[in-house]
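Both counts, for ligands and for their atoms, begin at 1 and track the order of listing.
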Amino acid sequence: MRNRRAGLGLIAGVASLALAMCGCDAGSSSSTEGETIGIAMPTQASPRWITDGNSVVKDLKADGYKTKLVYGDDDPQTQVSQIQDLIAKHVSALIIAAIDNKSLNGVLQQAFDAKIPVISYDRLILGTKHVDYYASFDNDQVGRLEARYIVEKLGLEDGKGPFNIELFAGSPDDNNTKYFFEGAMHLLQPYFDSKQLVVRSGQTALNQVTTLRWDGPTAKKRMAHLLATSYKTSTVDAVLSPYDGMSIGILEALKAEGYGSAARSLPVITGQDAELASVKSIIAGEQAQTVYKDTRELADVAATMVNNILTHQQVRVNDTRTYDNGVKPVPAYLLQPKSVDKKNYEIALVATGYYTDRDLK
Ligand code: GAL
């Protein structure tokens, strides 16, 4: 196992500030024996959350905790009930990847009343002061990596174009969505201005391009509609997709219209999460890129936060400003994402043990 504590890279000043900000009551004992941690994940429909859940459980068990892991079927109300249930079972801390970032205010008040500290996992929970820490990736950077890939592949810096691009964003109730989209738009905007990039559908505002619950079939449907309405006489050269499950749906719609053949090559399609189906697609030359976020590291950060709170140690954070949830800036530890394509997947994903060669066959 990796050296979990060493991996976090303490920034001392910021860390102590965060410790002072945490209002959590970790009880009087510093023994973790027999304590149970509740973990609420959003869905099993996407393999990444299964890996997240398993990794968090493994890390907490290594620290001597028991765990209760639940999945909310992408239904906010189910998740609220599950968290209520975890509170009723007297868990010592909660790690929550929210389905709908605003649906948890009531239940987190109950957690606070029961003196249960809360870690917001990957997705920031909004509108409540009862979230103690945030463990995530640099979400703005995720969007930038996707956009940079498109910029480089199309040769936009060399003045090439015009190219047609369509934009997709994630679920409107996920706080990450706007970070991914705005991060990407920051790099793409100059090329819209120079007309090297053209969005033929005209759909460039975030609220026109979101995809409820990051659903692949929903993205597929929208792509099919875009092709039928805006690309009767032209082709699409790039698609900004913020999540692999959507990228696969988008690819299906494109292939159904003859893209990916000798006559019509596939557009540059981005993604996120390095999910197995997408990595295979990248190797096969279909999806162009994904953003790899090592969920083992994220799990490690969250489990370490819990353990530090419950054993009265400093909680390590490296950002105390960026993630304001509308009530307070939530002290965060942000990991760095990595752009992966056909050229570097072996180094990024196989050499690091995220996948084996056999997984990718
Ligand atoms: C986001 C997450 C992404 C992706 C997406 C769909 O919140 O940051 O990595 O997993 O959900 O599950």
- Task: Would you tell me whether Ser247 and Ser241 have side-chain atoms, one donor and one acceptor, within less than 3.5 Å of each other?
- Result: yes
- Query: What are the atoms of ligand 1, with element, lying closer than 4.0 Å to any heavy atom of Asp174?
  - Reply: 1 (C), 7 (O), 11 (O)
- Message: Tell me whether Ser46 has any N or O atom under 3.5 angstrom from an N or O of ligand 1.
- Response: no
- Which one holds for Asp122 and ligand 1: side chain close, backbone close, both close, or neither close, with close meaning a heavy atom under 4.0 Å? side chain
- Query: Do Arg48 and Asp52 meet the salt-bridge criterion of a basic N to acidic O distance under 4.0 Å?
  - Reply: yes
- Query: Counting heavy atoms only, which part of Phe180 comes closer than 4.0 Å to ligand 1: side chain, backbone, both or neither?
  - Reply: side chain
- atom 11 (O) of ligand 1 has as its nearest protein heavy atom Arg123 NH2, 2.9 Å
- Would one find an N or O of Asn176, backbone or side chain, under 3.5 Å from an N or O of ligand 1? yes
- Query: Looking at Lys293, which atoms of ligand 1 are within less than 4.0 Å of one of its heavy atoms?
  - Reply: 2 (C), 3 (C), 8 (O), 9 (O)
- Query: Counting only heavy atoms not in Asp73, do more than 12 sit closer than 6.0 Å to its CG atom?
  - Reply: no
- Under 4.5 Å between any side-chain heavy atoms of Asn101 and Ile125, yes or no? no
- Message: Are Tyr179 and Tyr323, when compared by the centres of their aromatic rings, separated by less than 6.0 Å?
- Response: yes
- Could you pull out, from Tyr243, Trp214, Trp49, the option with a heavy atom nearest to atom 12 (O) of ligand 1? Trp49
- Task: Would you check if there is a donor-acceptor pair between the side chains of Ser234 and Arg200 at a distance under 3.5 Å?
- Result: yes
- Task: Report the residue from Val301, Val306, Ile37, Thr304 that forms a side chain to side chain contact (heavy atoms under 4.5 Å, CB included) with Ile119.
- Result: Val306
- Query: Which residue and non-hydrogen atom of the protein lie closest to atom 10 (O) of ligand 1, and at what distance in Å?
  - Reply: Asp273 OD2, 2.5 Å
- Query: Looking only at heavy atoms, is any part of Phe137 under 4.0 Å from ligand 1, and if so is it the side chain, the backbone, or both, or is it neither?
  - Reply: neither
